[in-house]
Structures are given as structure tokens and as C-alpha cells.
Amino acid sequence: MNQVLFEGRFLVSMISTMMHKGALQVRYGRMDWERMFRISDYHHVANIIYLGLLGNGGLVPERWMSRFFERYQEALRSGDSCEPAERELLTLLDMEKIPCVVLSSTTVRGLYELRETADMSPLKLYMSPESFTLVKGYLIDLGYETIQNFEECGERMRRVSGLYVDIYRKLPYKTRFYEREMREITLRARIRNGGESVRILSPEDRLVYRMASAAYAYVTDALLIRDMLDLFLYHRAWRDQIDETYVMKKLQGFRADALADKLLRLTYMWFGTKEDKEYMQARESEKPEDLTAFDTLENRIFSRGEQGKEKETDPQAIALNRLLTKLEEKESRKIKRQLFFKKMAERKRSVSRFFGWIFPDFKYMSSLYPLLEKAPLLLPFYWIVRGLRLMFGMLTGKNKNQP
């Protein structure tokens with residue numbers, strides 16, 4: 001087993017053990033703890049790993065144990081303030097009658113038995129460009145500041161309280177499939193209880209959004225272990241109440257049904273109990289198991305695409321990757337064209353300014369040489385006169401301020 005796969009499975013095993021209050025059997029001596037901290041921090045699970053390391057702190061260098069503890073403290077503090085802050089913001093948006101759709105919220109924290117093991121999950125809001133400007137202004141007034149830009153799509157903002165708010169004027173993953181299906185999902189969203197303008201997704205559509213986003217994040221090598229854990233907890237909490245036929249039909253529209261379902265099955269392999277795994281086996285009894293496909297998924301997630309990408313076998317992942325690559329290339333060509341035309345326009349302005357200085361307009365020349373008002377045909381002659389005067393002034397060092 002290569003090091004990347006070993007480290008990834010170690011993290012997953014520790015998370016699963018902490019969730020089910022089991023005993024972790026692992027050879028700690030093999031660990032590069034600086035690397036383990038950076039990997040777990042990247043995947044937003046350092047706060048869970050800290051709890052798993054308690055009682056084994058002597059095996060972890062103090063410097064890195066303290067870094068794990070810092071992430072745990074951050075999660076602990078934010079848990080007390082993020083939910084009230086979310087309610088405050090959504091109430092404000094309702095009062096101001098600003099329409100938006102909640103794609104995901106901090107309610108996912110309620111799925112964790114220990115709230116401090118949850119991530120500082122952002123409140124994600126989708127809205128029109130006009131509403132985007134208003135919402136950003138209100139967030140700034142409330143003390144939020146931008147900490148990340150999502151290209152042309154939106155921004156992530158944060159307040160000292162710890163609440164993250166993602167605001168989108170456009171949705172990421174600019175494929176026609178993703179945009180079309182997400183538009184339909186957001187149009188079906190209903191007004192939240194007690195609200196007027198803020199809408200929320202149904203449980204099925206929230207699952208569709210999570211599974212589709214996981215599939216597209218996987219293809220772009222941005223899928224985190226935390227995303228997989230949130231997906232697992234959400235599906236397990238709602239699986240007996242949602243219409244899975246509807247969910248899979250909608251995922252077909254994203255061109256990601258098989259890939260998303262495979263990722264969901266992987267979450268149950270990672271984090272599920274015996275009963276959870278039996279549930280998935282019954283659900284998928286008609287489908288043969290292909291464990292090598294799951295090895296590819298693991299390799300690619302754990303290595304952020306550095307391993308497994310070239311061995312990708314999932315047809316939907318290959319097709320989506322090809323489509324997204326084409327869109328990126330198209331966007332790159334568009335940006336290059338924009339830069340080219342911008343440079344050409346600047347060059348044109350520079351040339352215009354140069355010739356405007358060499359050959360000023362009639363009004364300006366008339367102010368220097370009043371005789372031009374009576375004899376406009378002499379304009380070229382006075383251009384020559386003005387040019388000679390400027391050259392003479394530069395050669396003699398006189399009349400430096402002469403126009």
C-alpha cells in the first residue's frame with residue numbers, strides 16, 4: 001500500500017472509530033505528523049482527529065498535537081455561535097424581502113452526535129446578481145469580510161463569530177447539465193417556515209444537490225473527506241423518508257447518477273456500521289461489486305487527483321472530466337481574447353493620444369493662434385509652426401511649459 005493511500009485510510013478509520021466509539025488499532029510510529037496534520041486540515045477533519053489522538057498524545061509531537069487542538073477549539077467555539085448567526089441573517093433577508101435559496105446550512109451539524117466534531121459548515125445561498133449585491137452589502141454591515149472568491153460565481157464571507165457564508169450569483173460547474181438541473185431544483189424550493197423570501201430545498205433535492213456536487217467535485221479533484229462524511233450522515237438520516245427513485249432520476253439529468261451513487265456507497269464503506277453496510281448491500285443487491293473501482297475513487301480523493309486520475313474507469317467521470325476540460329479551455333481562450341482586445345484598445349488609445357498631441361484639434365489650435373478662426377485652411381501650417389516651436393524649445397531648453 002502506498003503512503004498516500006495508507007494515510008487516507010488512516011484518517012477514514014480514525015473518523016469512523018470516533019463516530020462509533022470504537023478502539024483504534026494503528027501503528028502510530030509510521031506517521032509523519034506534520035504531513036498528517038496538513039492532510040487532515042485540508043480535508044477539514046483535524047478536529048475529529050484530535051479527539052482520536054487523546055490518550056495517545058505522547059506519540060504525537062507536541063507542536064502538531066497543539067495544532068490539532070487549535071482546530072478542535074475553533075470547531076467548539078463556532079458551534080455555539082454559527083446557528084444563531086445563521087438565523088439572524090436569514091431573518092434579515094426575509095425582513096428585507098431579498099429572494100434567495102438556501103442550498104445547504106449549518107443544520108448538518110445536528111447530524112453529528114458530538115457537535116464539536118462537525119465542520120464549520122458554511123451557509124450557502126443562491127440568488128440573482130441584483131440580490132447578490134444587496135446581500136453582500138448587508139453582510140459587510142454585519143461585520144463579515146470576504147475570505148475567498150469563487151471566480152465569477154460568488155464569494156465566501158466570514159465574521160469573527162465563525163459563521164461562513166457562501167453567496168452565489170452563478171452556480172459553479174458551468175455545464176449545461178448542471179445549470180439546467182440546478183435551475184429546476186431551485187425553482188421548486190419552498191418558502192421556509194415563518195419566512196417570506198428565503199426558500200429551502202426539499203429533503204430529496206438537498207440530497208440531489210449534495211450527491212451531484214460530490215460527483216462534480218470528485219471529477220475536479222476537489223472532493224474532501226468531510227464532504228463524504230456530511231453526505232453519509234445526511235443520507236443515513238433521511239434515507240427512509242426520501243424517494244430514491246426521484247433522486248436517481250434527477251442525478252441522471254446531471255449525467256452523474258452512477259458516479260454519485262458509487263461515491264455514496266463508498267461513504268458507507270468508510271463510515272457505516274454493520275447495519276448500514278447491510279442496508280447498502282440490500283439496496284444494491286442487483287449490482288455486482290467492483291472493488292477495484294472503489295480503489296480508484298479512494299486513490300483520487302486521498303491524493304487530490306495526483307494518483308488514480310490516469311486510471312479512471314468510471315464512464316461518467318471520464319465524460320464529465322472531458323466536458324469540464326473543454327469548458328476550461330473555452331474559458332481560457334475567451335480570457336485570452338479579452339486580454340488581446342484590451343491590449344489592442346489600449347494601444348489604440350495610446351496612438352490616438354500621440355496623434356492628438358502632434359495634431360491638436362481646431363478649437364485648441366485656435367486658442368493658440370487666433371488667426372485660424374478667420375483662416376481655418378491654415379490649420380496644417382500652424383501644426384507645423386507649433387511643432388517647430390516645440391522642437392526649438394526642447395533643443396534650447398527654453399519654453400519647457402510651452403504646449
For residues L171 and C153, report the shortest heavy-atom separation together with the two atoms involved. O-SG, 3.9 Å
When you measure from the side chain of R226 to the backbone N and O of H44, does any donor-acceptor pair fall under 3.5 Å? yes
Working to the nearest 0.5 Å, report the span between CE of M95 and CG of L90. 13.0 Å
Taking the basic N atoms (NZ, or NE/NH1/NH2) and the acidic carboxylate oxygens, is any pair closer than 4.0 Å for R349 and E346? yes
Checking salt bridge (charged side-chain N to carboxylate O under 4.0 Å, His left out) for the pair R35/E7: CA distance, chi angles, key distance, verdict? CA-CA 9 Å; R35 179 177 169 82; E7 292 165 345; 2.7 Å; yes
Report the C-alpha separation of T146 and I140 in whole Å, then their side-chain angles, then the decisive distance to 0.1 Å, and conclude whether the side-chain contact (heavy atoms from CB on, under 4.5 Å) test is met. CA-CA 9 Å; T146 300; I140 292 173; over 6 Å; no
A side-chain contact here means heavy atoms from C-beta on lying under 4.5 Å apart; do I15 and I49 qualify? yes
Any Lys/Arg nitrogen of R156 or D166 sitting under 4.0 Å from an Asp/Glu carboxylate oxygen of the other? yes
Contact check, side chains of Y144 and L163, non-hydrogen atoms, under 4.5 Å: yes
Using 4.0 Å as the upper bound for N to carboxylate O, is an ion pair formed by D295 and R9? yes
Would L11 and M36 count as a side-chain contact (heavy atoms from CB on, under 4.5 Å) here? Give the steps. CA-CA 8 Å; L11 292 180; M36 290 306 302; 3.5 Å; yes
Do L388 and I384 make a side-chain contact, defined as non-hydrogen atoms from C-beta onward lying under 4.5 Å apart? yes
L53 versus M65: any side-chain heavy-atom pair under 4.5 Å? yes
Do the side chain of D227 and the main chain of L224 share a donor and acceptor less than 3.5 angstrom apart? yes
Can the ring centres of F302 and H43 be said to be less than 6.0 Å apart? no
If you define the side chain from C-beta out and look only at heavy atoms, does anything of L266 sit under 4.5 Å from I301? yes
Within-4.5 Å side-chain heavy-atom neighbours: F271 and V12: yes
Cationic tip of R300 within the cone over Y218's six-membered ring, i.e. under 6.0 Å and within 45° of the normal? yes
Gap separating the CG atom of L223 from the CG atom of L263, nearest 0.5 angstrom: 6.0 Å
For E83, is there an ion pair with R115 - N to carboxylate O distance below 4.0 angstrom? yes
Are the side chains of V102 and R192 in contact, using a 4.5 Å heavy-atom criterion? no
Backbone N/O of E196 and side chain of D94: donor-acceptor pair under 3.5 Å: yes
Restricting to ring pair (Phe, Tyr, Trp, His ring centres under 6.0 Å), what partner residues turn up for F68, sequence neighbours left out? F37
Donor-acceptor contact below 3.5 Å, side chain E116 vs main chain A75: no
Nearest 0.5 Å, what's the CG-CZ distance between L379 and F359? 10.0 Å
To the nearest 0.5 Å, tell me how far T267 OG1 sits from M228 CE. 5.5 Å
Work out which heavy atom in E155 is nearest to a heavy atom in N149; give both atom names and the distance. CG-OD1, 3.2 Å
In terms of relative ring orientation, are Y216 and F254 parallel, tilted or perpendicular, with 30° and 60° separating the classes? perpendicular
So, T220 side chain and A217 main chain: donor-acceptor pair closer than 3.5 Å or not? yes
Can the ring centroids of Y126 and Y168 be said to lie less than 6.0 angstrom from one another? no
Just by modelled atom types, is the G253 backbone N or O under 3.5 Å from a matching donor or acceptor in the R180 side chain? yes
Salt bridge or not between D41 and R67? Use side-chain N to carboxylate O under 4.0 Å. no
Tell me whether the count of non-hydrogen atoms from other residues, nucleotides or ligands lying under 6.0 Å of CZ in R353 goes above 12. yes
Salt-bridged, E184 to K250, with N to O below 4.0 Å? yes
Residues in side chain to side chain donor-acceptor pair (under 3.5 Å) contact with E88, at least two apart in sequence or another chain: R159
Looking at CG of L123 and SG of C100, how far apart are the two atoms once the value is rounded to the nearest 0.5 Å? 8.0 Å
What pair of heavy atoms forms the shortest contact from P360 to W383, and how long is it? O-NE1, 3.0 Å
L231 versus M211, closest heavy-atom pair with distance: CD1-CG, 3.7 Å
Considering only NZ, NE, NH1 and NH2 on the basic side and carboxylate oxygens on the acidic side, decide whether D205 and R210 come within less than 4.0 Å. no
Side chains of S366 and E373: do they bring a donor and an acceptor to under 3.5 Å? no
Do any N or O atoms from the side chain of E204 and from the backbone of V247 form a donor-acceptor pair under 3.5 angstrom? no
Spacing of M269 atom CE and L297 atom CG [to the nearest 0.5 Å]: 9.0 Å
Can you list the steps and then say if E152 with K170 is a side-chain contact (heavy atoms from CB on, under 4.5 Å)? CA-CA 7 Å; E152 300 177 356; K170 293 181 183 178; 3.9 Å; yes
Return yes if some donor-acceptor pair links the side-chain N/O of S131 with the main-chain N/O of M127 below 3.5 Å, else return no. no
Do the side-chain N and O atoms of Q73 and N47 include a donor-acceptor pair separated by under 3.5 angstrom? no
Step by step, would you call D276 with R239 a salt bridge (charged side-chain N to carboxylate O under 4.0 Å, His left out)? CA-CA 11 Å; D276 291 325; R239 67 192 183 193; 3.3 Å; yes
Do other residues, nucleotides or ligands put more than 12 heavy atoms under 6.0 Å from the CD atom of E244? yes
Will you find, in the side chains of R322 and T325, an N or O donor that is under 3.5 Å from an N or O acceptor? no
Between K262 and A293 the two heavy atoms that sit nearest each other are NZ-CB, 4.1 Å
Keeping the roles fixed (side chain from R206, backbone from L201), state whether a donor-acceptor pair exists under 3.5 Å. yes
Could you walk me through whether Y72 and I48 satisfy the side-chain contact (heavy atoms from CB on, under 4.5 Å) test, starting with their C-alpha distance in whole Å, then the side-chain angles of each, then the deciding distance to 0.1 Å, before giving a yes or no? CA-CA 7 Å; Y72 173 77; I48 304 179; over 6 Å; no
Between E34 (side chain) and W64 (backbone), is there a donor-acceptor pair under 3.5 Å? no
Counting only heavy atoms from other residues, nucleotides and ligands, does the tally under 6.0 Å from OH of Y246 exceed 12? yes
Do K348 and V351 come within less than 4.5 Å of each other through their side chains, counting heavy atoms only? no
Which atom pair, heavy atoms only, marks the closest approach of A189 to V101? CB-CG1, 4.0 Å
